[in-house]
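First the structure, in the form of structure tokens, and then the observations on it.
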Amino acid sequence: MPMSKTKRQTIDTDLDPVTYQIIKHRLFRVTDEASAHLKRVSASPLVTEGHDFIVSIYNAEGDLLTAGMGVLQHMMPASESVKHIIEKFDEEYINPGDMFMQNDPYTAAMHAPDMYLIAPIFHEGELRGWSSSFVHLPDNGAIDIGGFSHRATEKVHDGFQTDGLKLVDGGDVRPDVMGTLRNMSRMPDMAEMDMRSQIAANNVAKERMTSIMDEYGSETVDEVGDQLVEESEQKFRKKLEELPDGSWQARQYVDSEPEDKLYTVDLELRKEGDTLTFDYEGTSEQSDIGLNCTKVASYGGTAVVLLTLLAEDVTWNDGLLNAIDVVAPDGTIVNCTEPATPNTATITTIQTCNQVATISTSKMLAANDAYDDRATAVWHGSFGGAFFGTEQQGQYNMAIPDDAMAGAGGATAVNDGVHLGGELVNTVARWGNVENHESTFPFVYLFRRYLEDTGGPGKNRGGAGHEWAATMLEPAGEVDANTFGKGGKVPHGMGIFGGYSGATLDYSLFTDTNVWDLGLDFPYRKDDDAIEFDEQINAQWGSFTMTEGDVFYLNYAGSGGYGDSLERDPEKVVEDVDEGFVAPETAEEVYGVPISEDGGYDENEVEEKRDEILQERLDADEEFTPPVAHEETSSTGLRLGEYIDIVEADGEQYSACNSCDTVLAPHEENWKDHVVVRESPPTDAGRYRESHEDIRLREFVCPNCGRLLDSNNALKDDRFLHDQLAEF
Amino acid sequence: MVMPYRIATDIGGTCTDTSVMDENGQIFVGKSLSTYPNLAEGIFDSLEDVTEELDVDTVDELLGETSLFLHATTIGENALFERDGAKTGLITTEGFEETLHHTRGGYGRRSGLSYLEVKNQIKSEQPEPLVPMDRVEGVTERSYHDNVLLPMDEEAVRGSVDALVDQGVESIACCFLWSHRAPEHEQRVKEIIEAEHPDLYVTVSSDVAPYEGEYERTSTAAMNSYLGPAAEEYLDELQAQMDSRGFDGSMLLMFSHGGLVPRESAVDQPVGLVESGPVGGVMGSAYIGDLTDSDRVISADMGGTTFKLGLVDDGTIEYADEPEIGRHHYKFAKRDVHSIPVAGGSEIWLEEETNVPRIGPESAGSDPGPIVYGQGGETPTVTDVDLIQGYFSPEFFLGGDHDMAPDKTRRVFEETVAEPLGKGVDEAAADLYRLTNSKIADLLRKVTIEKGIDPREFTLLSIGGASGMHAASYARELGIPEVVVPYTASVHSAFGLLSTDVAHEYTDINPVRYPFDVDEINGIFDELEAEAREEFRGEGFDIDEVELNRSIGIRYQGQANEINTPVEIDGELTEEDLDTIFDEFERRYVNQHGEGSTFVRQAITMVDFNVRGETPVTQPELYEHQDERSDASDAVIDTKPIHFASEGSRIETDVYDFDDLLPGQTINGPGVVLTPITSIVVNPGDRAQIDRYQNIQIDIAGDANE
């Protein structure tokens, strides 16, 4: 245990540290407890299993003090939502026992189904703080069920929206407001239960906060709150100071199937001293359909990755945000302007912001020894799925298969990715049981299983994703299927430092199949000769009708790999093949590990095969002359990621391959302009990576030793990403 | 021949404890070190120890005169933590072979981790599953709700079993989709295996965990088969050894559902043995509560590494929502025991960035232990803080034979904690004492107030080596009016077994929705109760003695958690009875979630129907001492300055020897009572009394919000 030997009064306060510690933990318990109540009262699987909610508490000014576990990217906009209520309403309109609804994406929500409920906390007649909870409503009356719809082209298509509306007045639920919300939802009961679960959560938070204030005095609690925010900021900034200054870039594409377009999300992370700036300059203009993020959404979606990457031991609150700036140009898909709709933001562009922020932050972490073990490839790049809905016994009933919640862990500097290990931005989600989903809707799962080769190859392999399929049972009749997602045309589980990305998604709707003749199986891609159907429809986006005998199929992406796959321990490759995570041909062609007949490997064969691949990588290259010889350089202890060291000679800095020590280029130039660049289809990194025709797998290879120094998927004309450390 | 003795033995992490009750209800205790891996050795050592107190000469003689041997064993936990359970194979529905490995996504990756570990997500991993992927076999079959959609291919079952046998498995688990409602395929698999491979241990999920949710059912079945062979061997061996030494009574095993079961049931469902010891402790607390006329008891056990807490409300102990052990989920009617790593051995340190003091989670355990134990401990612990406060006297500790290091404790504490905090030793120790109690109070709040339960209506039972020095203080923080330190505190779990009934639980998972059909509900209870009677009869119990208690798990449609609602009505239910049941459900619901949280009755769903059968083994009638109205001052062995939070300073305080205190005597706080294994602190204003059973009862003064 760390033990401080000297007295260090970092925070200027009279508050006794033990009292501080005691109240701080009481505050954590408040959000935990409120979350537990919310979860128990809600009737929506998005909440009870997916944990698609968050509860947080604020000081009187609306600054976030602490938040419970949940969809973490909401943590940042959540203070905007409280501050907006403070601004919007006169003081006299905000009274004890009131609660305000808010779900306007241009104010604080990520998209219209995200309903906030905000409650002032009064103590001895004074406004002393706020509690707020948000829940993803299953339906708020948008143009299509569930609200993820490509048919919505402006904000007004997204159903019921308010930037502030009193639902609870002095402790009483207003029947006029609740009635209106019910009236606007296809699933009024579930919507009401969700609102009631939020009321319960706010009630608990308010009660507990007042009892802490009773016990310690509201001034002391205020002081603890201030110190909590200050403490987080100080701890976080101190960490930033331990990292070198510099800039790191990442890029990803959002495939818009309905528009037949690819959007580019370009990000540069700049670190100066103890502040971070995430700059989205270069990102595509906003979309005509709901792929867009409003500014709060891209802010949340970007800053969120820092929580677990660099603030895992810091209280998550506004103190962190003070050290972070996000620049998102107006009118782009990361900061859309009205009347554009962001209705699918949470599963499209926000997640893309998560991805590029993960990659750029990980590159920063890998810049010296301080935090390099925390660098990670992208976790669970591809969200997406289907809502099924139909009339049952006079009521509209929906099934929300939550398979996307299974996620897949990205490979990190020190570990393989966890298969179906969840996602980075919702640490506590879980995936519902088949029996849970089947219990109230007439559909039946055919399988749920890992899909081979979905995990991105690398020195450390990305976690595998899975495939699932379902068919409708009699008497389903005509079922509405609303499907949505991204990643069908670009792999979204991005790899890092030469690690390859995960797979692309395949959403297929097969009509009039032989699923029953096959014993409730449909071995698409495993045994294509066996399956029979009338039509295979690409169902990544849209509204369809399904009926008995039709099969819906979807596979997820798996996560990114870390480092050059030729560096992977052959023992682990063999294990992956044995367990069905890697196909034998991938083991041979991508990992350079030919699998022998008994399922093992031969060391000599591996060496031979790996040499052969290294040679292939170099084949096209002419003789390379380093700008300076390795012998003349000395180490600086700094790196551009896993494979590029920054070395010094005569006061000049250079980038060098740390595998063979070859100096590649002066540091101020992009080393990528000086090495071997190969372009090939993304499927060269393994099966199931069929992508848009203009997407290339771009590989940067050391011209001397053939090490794969970096790789990414890129549109063929896009410039190379350029990472560099600041002058030193 | 008269067999006057009843023996209860509980195997713990460090010690194996025995409680023996004679025909007069007098309790004798024995203790010895637990012996791994041969646990039986420790049992006999502990019996040896208690024999010295009894009117018998040898263990054999004791066993010969024993009617009941009650036992809580850690065989289950050990096999899971050491990962040396059986080589197990798994049979599932084809297409869902990986259910166990999927762990419902991130759920398995984060479960069982602390809050800080959960936040440190990128460093977290799944636990190694109990059955590796290459020992999972999928079979063509499919059920859906109550119906078979696709018949089972029996040839495929035989092929799968053979393939597993070829791999050398010792046990097989089977879980098919929807088997909790349509168990026929699983039952057929069991028949096939039993017919063709009678030596294999087999578990089917519909037997051991008939609940909705294939992941939890699979995981429970796998765990049960993983533990089965070892549990069977252990129990057979123990029975044989006991028999060979003259035992002619019955052996009953403690289950985590809070009841005793015959050996055969324990062999069938060893998953029920897991963590049964701590549940035994809570049962003991319930019994002491009963004796002292309080049916609302908080059972607080503070030992060296963890603080364990159980709640007895209205005489009953709550069930755990999502039990897990060693980060493996399972579903079994398990009584809830909450724990936090705050106990005597918890290490104290200062956060580097902020200089804020922290306690645990690391523990010095018993080796090297707290600094004061003088066994090489270099890091201050909670016990060291207690020493500085003046709460225990090194010169009397464990009979005074040990080399204690009180001076070193003060010195190290001053250097590493007090000085960096800019405080004096006394002041810093008082702060840390307060912080320790506030952490415990947090857990207590979580388990009571946060669930709508008022701790001020409870008695706190204080058990375990470190407990007596803190209980009165955190009790005051929460407004708990009474603390009881039971006479049997040192072997409390073993004692708990003596007061436990033989019990079985029966569940039918069958969602019943509006409009409710009362005949359907009566039918379900009839079947469950018939099953219960049959089982008890088969075990040789008198059916008239068996008490059957009903309850229904109720929730609103779509919710994930139900509220277990007792049905206080026997016999056939009527429509009006349903309303009474729903009233009770709503009362409990509002208690938990507050006014305005209930919903329309049409949305009520009854999800599971439960019958718990209990038949009492004759309850102990504890020996009652006569009250002595004499003065406690004869028991004073020392007077010294001791620190109390309420005073903010040290005051001269009498120190009493427990062995010299007599029933009926009272101590007006401040005071400290030394027992052979611990100290009990009586704060200023509080009043302690020795009751007829030699328990120490402390009345707590003041209110929670001082």
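What you see is a predicted model; the values in this text were computed from it and never measured. Note on naming: letters A, B, ... go to the chains in the order of the sequence lines (proteins, then strands), and numbering restarts at 1 for each one.
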Exercise. Can you tell which of B:Glu117, B:Gln557, B:Arg555, B:Arg445 has the highest number of heavy-atom pairs within less than 4.5 Å of chain A?
Worked result: B:Arg445
For this session: Side chain from CB out, backbone as N, CA, C, O: work out which of these in A:Asp189 comes under 4.5 Å of a heavy atom of chain B, or both, or neither.
Result: both
For this session: Heavy-atom distances under 4.5 Å only: say whether A:Val204 touches chain B with side chain, backbone, both or neither.
Result: neither
Seminar exercise, completed: When rounded to the nearest 0.5 Å, the distance separating OG1 of A:Thr358 from CD1 of B:Ile122 is 10.0 Å
For this session: Might you point out which heavy atoms bring A:Val434 and B:Phe96 nearest each other, and give the distance in Å?
Result: CG2-CE2, 3.8 Å
Exercise. Which one, B:His180, B:Arg434, B:Met133, leads in non-hydrogen pairs under 4.5 Å with chain A?
Worked result: B:Arg434
Exercise. Taking A:Leu473, A:Asp313, A:Asp403 one by one, which has the highest count of heavy-atom pairs under 4.5 Å against chain B?
Worked result: A:Leu473
For this session: Counting only heavy atoms closer than 4.5 Å, note whether B:Tyr215 contacts chain A via side chain, backbone, both or neither.
Result: both
Problem set entry | Check: A:Glu312 side chain, B:Lys119 main-chain N or O, donor-acceptor pair, under 3.5 Å | no
Exercise. Chain A heavy atoms under 4.5 Å from B:His101: which part of the residue, side chain, backbone, both or neither?
Worked result: both
Exercise. Just how far is it from atom CG of A:Leu518 to atom OG1 of B:Thr140, taken to the nearest 0.5 Å?
Worked result: 11.0 Å
Problem set entry | Toward chain A, the part of B:Arg109 with a non-hydrogen atom under 4.5 Å | side chain
Exercise. Taking B:Arg110 for the side chain and A:Val428 for the main chain, is one N or O donor matched with an acceptor at less than 3.5 Å?
Worked result: yes
Problem set entry | A:Val414 versus chain B, the contacting section by heavy-atom distance below 4.5 Å | side chain
Problem set entry | B:Lys423, NZ atom: more than 12 neighbouring heavy atoms under 6.0 Å | yes
Problem set entry | Option that, when pairs with chain A are counted at under 4.5 Å, heavy atom only, ranks first among B:Gly213, B:Pro357, B:Ser438 | B:Gly213
For this session: Look at the aromatic rings of A:His466 and B:His102 and report parallel, tilted or perpendicular, splitting at 30° and 60°.
Result: tilted
Problem set entry | Which of A:Glu579, A:Glu423, A:His25 touches chain B most, by non-hydrogen pairs under 4.5 Å | A:Glu423
Problem set entry | Options B:Thr99, B:Ile449, B:Thr103, ranked by heavy-atom pairs under 4.5 Å with chain A, top entry | B:Ile449
Exercise. Does any heavy atom of chain B fall under 4.5 Å from the side chain of A:Glu207, the backbone, both, or neither of them?
Worked result: neither
Problem set entry | Ion pair check, A:Glu438 and B:Arg142, cut-off under 4.0 Å | yes
For this session: Please flag which part of A:Ser362 lies under 4.5 Å from any non-hydrogen atom of chain B: side chain, backbone, both or neither.
Result: neither
Seminar exercise, completed: Between A:Thr308 and B:Asn120 the two heavy atoms that sit nearest each other are OG1-C, 4.0 Å
Exercise. If only atom types and distance count, is the side chain of B:Arg104 paired as donor or acceptor with the main-chain N or O of A:Trp431 below 3.5 Å?
Worked result: yes
For this session: Tell me, for A:Arg374 versus chain B, whether the close heavy atoms (under 4.5 Å) come from the side chain, the backbone, both or neither.
Result: both
Exercise. Checking heavy atoms, do the side chain of A:Asn436, its backbone, both or neither come under 4.5 Å from chain B?
Worked result: both
Exercise. Taking atom types as modelled and ignoring hydrogens, do the side chains of A:Trp379 and B:Gln121 form a donor-acceptor contact shorter than 3.5 angstrom?
Worked result: no
Problem set entry | Part of A:Asp172 within contact of chain B (heavy atom distance under 4.5 Å) | neither
Problem set entry | Heavy-atom proximity to chain A below 4.5 Å, by part of B:Asn437 | neither
Seminar exercise, completed: So, the part of B:Glu97 with a heavy atom under 4.5 Å from chain A: the answer is neither
Exercise. According to the ring pair (Phe, Tyr, Trp, His ring centres under 6.0 Å) rule, which pairs have a member within residues 108-129 of chain B, sequence neighbours left out?
Worked result: none
Exercise. Checking A:Thr376 against chain B: side chain, backbone, both or neither under 4.5 Å from a heavy atom?
Worked result: side chain
Exercise. Chain B heavy atoms under 4.5 Å from A:Val305: which part of the residue, side chain, backbone, both or neither?
Worked result: neither
Exercise. Checking A:Ser211 against chain B: side chain, backbone, both or neither under 4.5 Å from a heavy atom?
Worked result: neither
Exercise. Where does A:Thr427 contact chain B at under 4.5 Å (heavy atoms): side chain, backbone, both or neither?
Worked result: both
Exercise. Can you tell me if A:Gln21 uses its side chain to pair, donor with acceptor, with the backbone of B:Leu435 under 3.5 Å?
Worked result: no
Seminar exercise, completed: Answer key: most heavy-atom pairs under 4.5 Å with chain B among A:Arg208, A:Met405, A:Lys39, A:Met190 is A:Arg208
For this session: Identify the heavy atoms of B:Asp321 and A:Arg40 that sit nearest to each other, and give their distance.
Result: OD2-NH1, 2.9 Å
Problem set entry | Structural part of B:Leu177 lying under 4.5 Å from a heavy atom of chain A | both
Exercise. Which atoms of A:Leu424 come close to chain B, meaning under 4.5 Å heavy atom to heavy atom: side chain ones, backbone ones, both, or neither?
Worked result: both
For this session: Could you have a look at A:Tyr216, A:Phe443, A:Trp468 and say which one has the most heavy-atom pairs with chain B under 4.5 angstrom?
Result: A:Phe443
Exercise. For B:Glu94, is it the side chain, the backbone, both or neither that has a heavy atom under 4.5 Å from a heavy atom of chain A?
Worked result: backbone
For this session: Would you mind telling me which of B:Leu149, B:Thr93, B:Leu116, B:Leu432 has the largest number of heavy-atom pairs within less than 4.5 Å of chain A?
Result: B:Leu149
Exercise. Taking the side chain from B:Glu214 and the backbone from A:Glu435, do they hold a donor-acceptor pair closer than 3.5 Å?
Worked result: yes
Exercise. Counting heavy-atom pairs under 4.5 Å to chain B, which of A:Ser439, A:Gly580, A:Gly519, A:Gly409 comes out on top?
Worked result: A:Ser439
Exercise. Measuring heavy-atom distances to chain B, does A:Ser197 have an atom under 4.5 Å in its side chain, in its backbone, in both, or in neither?
Worked result: neither
